[in-house]
Amino acid sequence: MESLKDLNEMQKRAVEQINGPVLVLAGAGSGKTRVITYRIAHLKKNYGILPENVVAVTFTNKAAKEMKERVLSLTGSGQIHWISTFHSICAKVLRKHCQMLGFENNFVIYDSSDQLNMIKSIIEDLGVDERVLTPDNAQSYISSAKNQLKKPSDINEVFNDYFSEQLIRVYSVYQKRLRKNNAMDFDDLLMHAAELLKSNPDILNYYSEKWQYIMVDEYQDTNHAQYQLIRLLSSKHKNLCVVGDDDQSIYRWRGADITNILNFEKDFPDCLVVRLEQNYRSTKNILRAANSVIEKNLSRKGKSLWTENIEGEKIHHATLNSEVEEGLYICRKIKELCFNEKRRLNDFAIFYRTNAQSRVIEDMLRRENMPYDIFGGVRFYDRKEIKDLLAYMRVVLNPDDDLSFERIVNIPNRGIGEATLSKIKKIAERDSISLYKASEVFLKEGKLSLKTETSLSEFLKLICGFINLQQRISVSELTEKILEETRYAEEVIGKNKEEREGRIENLREFISAVEEFEKSPEETSLKAFLEQISLITAVDKYDENLERVTLMTLHNAKGLEFQVVFMCGMEEGLFPHFLSSNESLEVEEERRLCYVGMTRAKERLFLTNTYRRKIYGAERMNLSSRFLREISDEFIEVDRGWPEEQNSFDMKMEENSHRVWRPDATRGSDRSPDLSFSDKSDSFLRAGSKVLHPFFGKGTVLETKGTGENQKITVSFINVGVKKLSLKHANLEKI
DNA sequence: CGGATTTAACTTTTT
DNA sequence: GTTAAATCCG
């Protein structure tokens, strides 16, 4: 940074007021990251505040990383700043002080599926009737209780019946088991950190002395636990700057408390309130359209964004017949824009409300040979083989982790089945020790068959060997050792060829992730590795430099921006989602989500809906989304024809060896016949289409492969059975 | 006891 | 359409 000249008046005010509480109400695209990064640089450069005395909390690791880089380029110094997510900051604090709370510092972090597994087994063990409390329910109640810093004993305040009795039982056993396993879940990281600071004035004093300047990004999405943490930490110096936008609050369902931002002025009297209303991202059309939607919300502070950017194209709206056509429309539109406007694939993003919608779009992109990257959905670290491997690593780090122990004790198959396991569990209960230790006791007591004895002692030897090795070798070496000695690839992964290859590919990717991690200048221990990967999220790995179309849910889109945005599935029941269409508070949150999506677009915005859509097998006919109708007509234009067919695109290999798809400018474009959407007898056959063949008669399409001239089609004919045909020669007629 | 296959259930968003 | 549970079979 050379000066504050790059900032507008309002931004400058927010940066310069370094003392006391500051609330920055920052609209979408108004430069809030800029404010935070310049503020950090300003503190350092003009006031000599040391980096270690500043902490900035972000919502995702990606935002944190980006912020670190920007601060680094502003200040030119390589010192490490405390810029990271709530969860990782809490994890770091807890690693240091968790003994005060009765944990060992090698505690492991459970993700939500671990959480659910554990709750399931507790509900089973306690004999709780699933009609009263399902594991899903218990999980969400426990999570929200923790986010409100409520212990099991605090729950009676809310419920006072049989249900809450059961919930309290499950919750308290759950906490006991976590403690016994020396494990914490996501919510515990916040709750225990708050607990630690509240009950240990000297520790609180240490951190509030250390972090004299605190900044919080996306303040509208903080929950009560996070709010308390911030209050505690800032109580001494009160140099707290929060940045947020009530219109972009989309995590109420996860415990985010919008009153945190709405009441900030009351909580922190004498605060400076700065409003950033100039948008630097989008065209006038996009911004006004987004404003016309968000204005329908009643509970908002109210602000109106403006921009000096150009008018831009109108928003385009297209209604398609089916989700397949929707995907195809998007693909063709992307091709057309690549060709006519010389855009690159990484200019495009496709947003959807639910992960399930991504499949069809992916299929279409693959069919059209367009590279894409997808975020979210099944998380990489949620895959079976990865979780198995991680469970091994966790047990090596912390043998008391019963959940992971149970997962791997019989993977690969060692003949330690349910019968043996339940005996081990009994001993564990009797002596109140972990399963690992109970296994050792079991062996010593020697009341088991020779076969189980050898396999169990083999298993313990294996783990013990890893534990000893761990001191001497790197995490990647340990990973490979585990795979090798368990003969995981040979024993566990099925023989189905495609599946097998995919899984082995995943394991390779995992190893390269480990190697990547080891390159970092910070701590590279097993402990640090496991912590890092349990807190990493889908968006974190987004790389805007790859030439690929980006697919993600609207939630994941927050904080990002793209030249061209497609929002698909703009239908009642899907968006707003039918589970959020009853209460007006919920609809308002969906509307904010729509606003977030729209304001990601810089230049072009496309909205699509369909007449019919297959959702989990069943075909449904949805009305168009109310959000579509809320956009004033003056900003929107209805697309009635298919995009021009582009025949002149080629896959090319670039020097960086990334597969790059872009228009081949040496050839002209062929105009395809102008198909209107209502004319959907369409040239276009897909699985399920009914066809008529001149010789074979009536049939149903099973599958199509390839594109254009080379398209192959598999059809099941009523009279002659399944045939594979070349579309070009088959003379099929759609019926 | 373990593996493979079939059946049934359940469908939001995620740190 | 996917995944987990249930059932069957060796």
Side-chain angles (χ1 to χ4, degrees), chain A residues 57-64 84-91 109-113 115-117 120 130 134-136 139-140 143-144 146-147 184-191 218 221-223 225-226 249-256 323 351-360 363 375-379 381-384 410-421 449 451-452 455 491-492 494-496 533-540 552-558 569 573-581 586 589-590 592-594 596-597 614-620 687:
Chain A
V57 192
T58 61
F59 204 68
T60 62
N61 292 302
K62 171 169 191 284
S84 63
T85 63
F86 268 107
H87 288 86
S88 13
I89 288 180
C90 289
I109 299 169
Y110 283 172
D111 67 20
S112 25
S113 68
Q115 215 175 34
L116 192 63
N117 279 337
K120 252 184 217 163
E130 283 222 1
T134 65
D136 272 356
Q139 186 184 29
S140 71
S143 172
S144 82
K146 287 183 176 184
N147 286 329
M184 297 188 195
D185 65 21
F186 287 146
D187 306 312
D188 282 337
L189 293 174
L190 304 177
M191 186 173 77
E218 311 276 13
D221 284 322
T222 50
N223 61 33
Q226 291 163 330
S249 158
I250 54 174
Y251 285 105
R252 198 181 81 108
W253 54 273
R254 205 174 71 190
E323 72 278 12
F351 300 154
Y352 35 81
R353 175 69 234 273
T354 66
N355 282 307
Q357 287 165 258
S358 73
R359 243 194 78 86
V360 181
D363 287 347
F375 298 93
V378 187
R379 280 171 56 211
Y381 296 108
D382 279 347
R383 285 170 213 197
K384 262 191 212 86
N410 204 28
I411 287 181
N413 213 316
R414 307 188 166 87
I416 305 174
E418 223 159 295
T420 315
L421 192 62
S449 73
K451 211 178 109 206
T452 22
S455 45
E491 302 280 339
V492 186
K495 44 187 179 290
N496 178 322
I533 66 153
S534 52
L535 297 177
I536 208 150
T537 67
V539 207
D540 295 337
M552 59 175 77
T553 62
L554 285 155
H555 283 88
N556 268 327
K558 193 170 74 161
L574 195 57
F575 188 34
H577 196 273
F578 69 97
L579 290 172
S580 310
S581 322
E586 291 175 329
E589 176 142 317
E590 297 277 308
R592 290 192 291 269
L593 193 55
C594 181
V596 167
K614 245 189 178 171
I615 296 177
Y616 303 110
E619 187 146 277
R620 305 170 65 115

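The sequence lines fix the lettering, A, B, ..., with proteins before strands; numbering per chain opens at 1.
- Atom CG in D136(A) sits about 11 Å away from atom C1' in dT11(B), given to the nearest Å.
- In this model, no donor atom of one side chain and acceptor atom of the other lie less than 3.5 Å apart for D136(A) and T134(A).
- The separation between Q357(A) atom CD and dT11(B) atom P is 16 Å, rounded to whole Å.
- If you measure from atom CZ of F86(A) to atom C1' of dT15(B), you get 11 Å, rounded to the nearest angstrom.
- Residue N355(A) places at least one side-chain N or O closer than 4.0 Å to OP1 or OP2 of dT14(B).
- Checking dT12(B), dT2(C), dT14(B) against the side-chain heavy atoms of R353(A) singles out dT12(B) as nearest.
- Summarising the geometry, the separation between CD on E590(A) and C1' on dT13(B) is reported as 8 Å, rounded to the nearest angstrom.
- Checked by atom type and distance alone, the side chain of R592(A) never pairs as donor or acceptor with a backbone atom of I250(A) at under 3.5 Å.
- N410(A) comes within 4.0 angstrom of sugar-phosphate atoms only, judged by non-hydrogen atoms across all strands, and of no base.
- Annotation: of the two residues near DNA chain B, S580(A) and D187(A), the 5′-most nearest-nucleotide partner is S580(A).
- In this structure, W253(A) packs face-to-face on the six-membered ring of dT13(B), meeting both the 5.5 Å centre cutoff and the 30° plane limit.
- Taken to the nearest 0.5 Å, the OG atom of S580(A) stands 7.5 Å off from the CD atom of E589(A).
- Within the 4.0 angstrom heavy-atom criterion, only backbone atoms of the sugar-phosphate kind lie near F59(A); the bases stay farther away.
- Taking the P atom of each, dA4(C) and dT13(B) are spaced 15 Å apart, rounded to whole Å.
- Separation of the P atoms belonging to dT3(C) and dT14(B) is 16 Å when rounded to the nearest angstrom.
- When the C1' atom of dT14(B) is taken as reference, atom CD of E218(A) falls 14 Å away, rounded to whole Å.
- Nucleotide dT12(B) holds its P atom 16 Å from the CG atom of L554(A), rounded to whole Å.
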### Query
Step by step, would you call E590(A) with R353(A) a side-chain contact (heavy atoms from CB on, under 4.5 Å)?
CA-CA 9 Å; E590(A) 297 277 308; R353(A) 175 69 234 273; 2.6 Å; yes
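- Every residue meeting the side-chain contact (heavy atoms from CB on, under 4.5 Å) condition with R254(A), not counting sequence neighbours, appears here in chain and number order: F59(A), Y251(A).
- Between K614(A) atom NZ and dG1(C) atom P there is a gap of 6 Å when expressed in whole angstrom units.
- Contact between the side-chain N/O atoms of R359(A) and the OP1/OP2 oxygens of dT2(C) is found at a separation under 4.0 Å.
- Side chains of T553(A) and F351(A) form no contact here, defined as non-hydrogen atoms less than 4.5 Å apart.
- One finds no side-chain N or O of N556(A) lying less than 4.0 angstrom from the OP1 or OP2 phosphate oxygen of dT13(B).
- For the OP1/OP2 pair of dT14(B) and a distance below 4.0 Å, the side-chain nitrogens and oxygens of T553(A) include at least one atom meeting the criterion.
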At a cut-off of 3.5 Å, list every protein nitrogen or oxygen paired with a nitrogen or oxygen from nucleotides 5-10 of chain C, distance to 0.1 Å.
none

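- When the P atom of dT12(B) is taken as reference, atom CG of L593(A) falls 15 Å away, rounded to whole Å.
- Not counting sequence neighbours, the partners of T85(A) by the side-chain contact (heavy atoms from CB on, under 4.5 Å) test are T58(A), N61(A), H87(A), S88(A).
- A stacking contact links H577(A) to dT12(B): the aromatic ring centre lies within less than 5.5 Å of the base's six-membered ring centre, and the planes differ by less than 30°.
- Using modelled atom types, no side-chain atom of Q115(A) and backbone atom of D185(A) make a donor-acceptor pair closer than 3.5 Å.
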